[in-house]
Amino acid sequence: MGNGTVISLGQAIVDLTMSVEKIPQPGQDVFADEAGIHVGASYNTLRAVRQMGVDARHAGILGTGPWADTIRRVFESEGIRHVGPTDESVDSGFCVALTDGTAERTFISMRGAEARGDESTFQSVEPADGDVVHISGYTFAHHTGEGLRAFMRRTAPNRRFLALFDPSPVVADIDDETFGEMVEYRPVWSCNEREAVLIAGRLGLPMHQGTFRTLIERMARRLDSALIVRVGKGGAWLARPGRRPSSSRDSRSTPSTPTAPATAMPACCAQN
């Protein structure tokens with residue numbers, strides 16, 4: 001990445017987190033053991049970028065209201081610049097995240113300003129050579145996805161910046177045309193194991209043949225781009241077209257075959 005800037009086109013929302021013994025049944029009332037308010041979504045990537053001393057900018061939409069104010073305060077404290085639009089008619093969105101005694105998480109999200117974009121949302125974003133543009137699959141679940149598609153079409157010819165796509169679980173629901181455009185855009189794909197299986201299904205790859213390593217090797221070839229697959233405590237896999245996939249836990253790897261996102265691209269751009 002050199003001295004480039006990381007620009008996120010994803011969402012920044014507020015997470016209201018609560019820990020409960022059990023998720024309440026309809027009509028039931030329970031007390032939380034712990035609770036917190038945190039800025040989340042694409043902010044997590046930008047915060048990691050700042051911790052590495054790299055310039056970070058958020059080009060998504062922020063609203064007007066208490067949630068948006070919370071996001072702006074956190075951005076300011078972390079040195080993250082908001083360079084995207086401001087919607088003065090609605091607040092930013094938030095998410096209620098419930099974690100039960102088995103560590104299973106349940107989410108209820110409220111869309112806000114970040115979801116009310118259009119084709120012009122990212123028209124002022126002009127990445128420089130060597131910049132990294134972070135794209136979230138969740139954007140395609142909202143009207144702001146139109147702006148993301150317009151950005152991709154505008155920047156695809158002779159693109160000289162690195163695009164990183166974090167597909168998220170909604171990759172299973174992205175329409176075929178949009179999915180095809182993303183494949184043609186050739187970003188670096190960064191996903192977890194479950195999302196990798198969803199992507200493989202969209203690519204029409206058989207998942208019952210060979211090992212997981214074989215599967216991601218085929219995926220990288222079909223995507224014609226680098227693929228990072230995070231496998232929790234197992235670390236991460238890196239697959240690139242024409243090369244054998246390598247694992248961050250593979251002690252036999254060499255500098256010419258990177259084994260972790262940190263050696264292939266900015267590690268901070270691989271969201272958990």
*Honestly curious: do Leu203 and Val171 fall in one hydrophobic cluster under the side-chain, below-4.5 Å linking rule?*
yes
_Under a plain distance cut-off of 3.5 Å, with no hydrogens placed, do Tyr185 and Ser225 share a side-chain donor-acceptor pair?_
no
*Could you tell me whether the side chain of Leu62 reaches within less than 4.5 Å of the side chain of Arg72, counting heavy atoms only?*
yes
*Should the heavy atoms of other residues, nucleotides or ligands under 6.0 Å from CE of Met18 be counted, would the total exceed 12?*
yes
*Same apolar cluster: Val188 and Val54, side chain cutoff 4.5 Å*: yes
*asked:* Angle between ring planes, Phe161 versus Phe151, binned at 30° and 60°: parallel, tilted or perpendicular?
replied: tilted
*Can you tell me if Arg218 uses its side chain to pair, donor with acceptor, with the backbone of Leu205 under 3.5 Å?*
no
*asked:* Checking one residue: Val170. Which other hydrophobic residues are in its cluster under the side-chain 4.5 Å linking rule?
replied: Tyr138
*Report whether Val83 and Val125 are members of the same hydrophobic cluster (ILVMFWY, side-chain heavy atoms less than 4.5 Å apart, transitive linking).*
no
*Looking only at atom types and distance, does a side-chain atom of Ser120 sit under 3.5 Å from a main-chain N or O of Gln123, one as donor and one as acceptor?*
no
_Close side-chain approach of Ser92 to Ile71, heavy-atom, < 4.5 Å_ = yes
_Side-chain heavy-atom pair Asp91, Pro66 within 4.5 angstrom cut-off_ = yes
*With sequence neighbours left out, write down each residue that passes ring-ring contact (aromatic ring centres under 6.0 Å, His included) with Phe94, or none if nothing qualifies.*
Trp67
*Hey, does the side chain of Asp224 reach the backbone of Arg221 with a donor-acceptor pair shorter than 3.5 angstrom?*
no
*asked:* I want to check something: taking the side chain as every heavy atom from C-beta on, are Gln11 and Ser136 in contact at a cut-off of under 4.5 Å?
replied: yes
_More than 12 heavy atoms from other groups under 6.0 Å of CD on Glu76_ = no
*asked:* Quick check against the 3.5 Å criterion: does Asp131 have a side-chain atom that pairs as donor or acceptor with the backbone of Thr5?
replied: yes
*Rounded to the nearest 0.5 Å, how far does CD1 of Ile61 lie from NE2 of His142?*
10.5 Å
*asked:* I need the full list of salt bridge (charged side-chain N to carboxylate O under 4.0 Å, His left out) pairs touching residues 142-162, with sequence neighbours left out, sorted by first then second residue.
replied: Glu126-Arg154, Asp129-Arg160, Glu146-Arg149, Arg153-Glu181
*Hey, is the main chain of Gly117 close enough, under 3.5 Å, to the side chain of Thr144 for a donor-acceptor pair?*
yes
*asked:* Let me confirm one number: the CG-OG1 distance from Asp173 to Thr178, rounded to the nearest 0.5 Å.
replied: 12.0 Å
*May I ask you to test the Arg213-Arg244 pair for a side-chain heavy-atom distance under 4.5 Å?*
yes
*Taking side chain as C-beta onward, heavy atoms only, is Ser19 less than 4.5 Å from Leu98?*
no
*Report the C-alpha separation of Asp15 and Thr17 in whole Å, then their side-chain angles, then the decisive distance to 0.1 Å, and conclude whether the side chain to side chain donor-acceptor pair (under 3.5 Å) test is met.*
CA-CA 6 Å; Asp15 293 332; Thr17 61; over 6 Å; no
_Tell me which pairs pass salt bridge (charged side-chain N to carboxylate O under 4.0 Å, His left out) where either residue lies in residues 92-117, with sequence neighbours left out._
Asp87-Arg116
*Report the relative orientation of the aromatic rings in Phe165 and Trp189; use parallel for angles under 30°, tilted for 30 to 60°, perpendicular for over 60°.*
perpendicular
_Test item: Arg222 side-chain N/O and Gly204 main-chain N/O as donor-acceptor pair under 3.5 Å_ = no
*With a cut-off of 6.0 Å (strictly less than), are more than 12 heavy atoms of other residues, nucleotides or ligands near CZ of Arg81?*
no
*Going by distance alone, is a donor N or O of one side chain under 3.5 Å from an acceptor N or O of the other, for Ser42 and Thr45?*
no
_Using the side-chain hydrogen bond (donor to acceptor under 3.5 Å, both in side chains) criterion, which residues pair with Thr121? Sequence neighbours excluded._
none
_If the test is salt bridge (charged side-chain N to carboxylate O under 4.0 Å, His left out), which one of Arg47, Arg73, Arg57 qualifies with Glu78?_
Arg47
Can you list, pair by pair, the side-chain donor-acceptor contacts under 3.5 Å of residues 26-39, counting residues two or more places apart and other chains?
{"from": "Gln28", "atom 1": "OE1", "to": "Gln25", "atom 2": "N", "distance (Å)": "2.8"}

*asked:* With heavy-atom distances below 4.5 Å as the criterion, would you say the side chains of Ile135 and Met182 are in contact?
replied: yes
*asked:* With heavy-atom distances below 4.5 Å as the criterion, would you say the side chains of Phe122 and Leu148 are in contact?
replied: yes
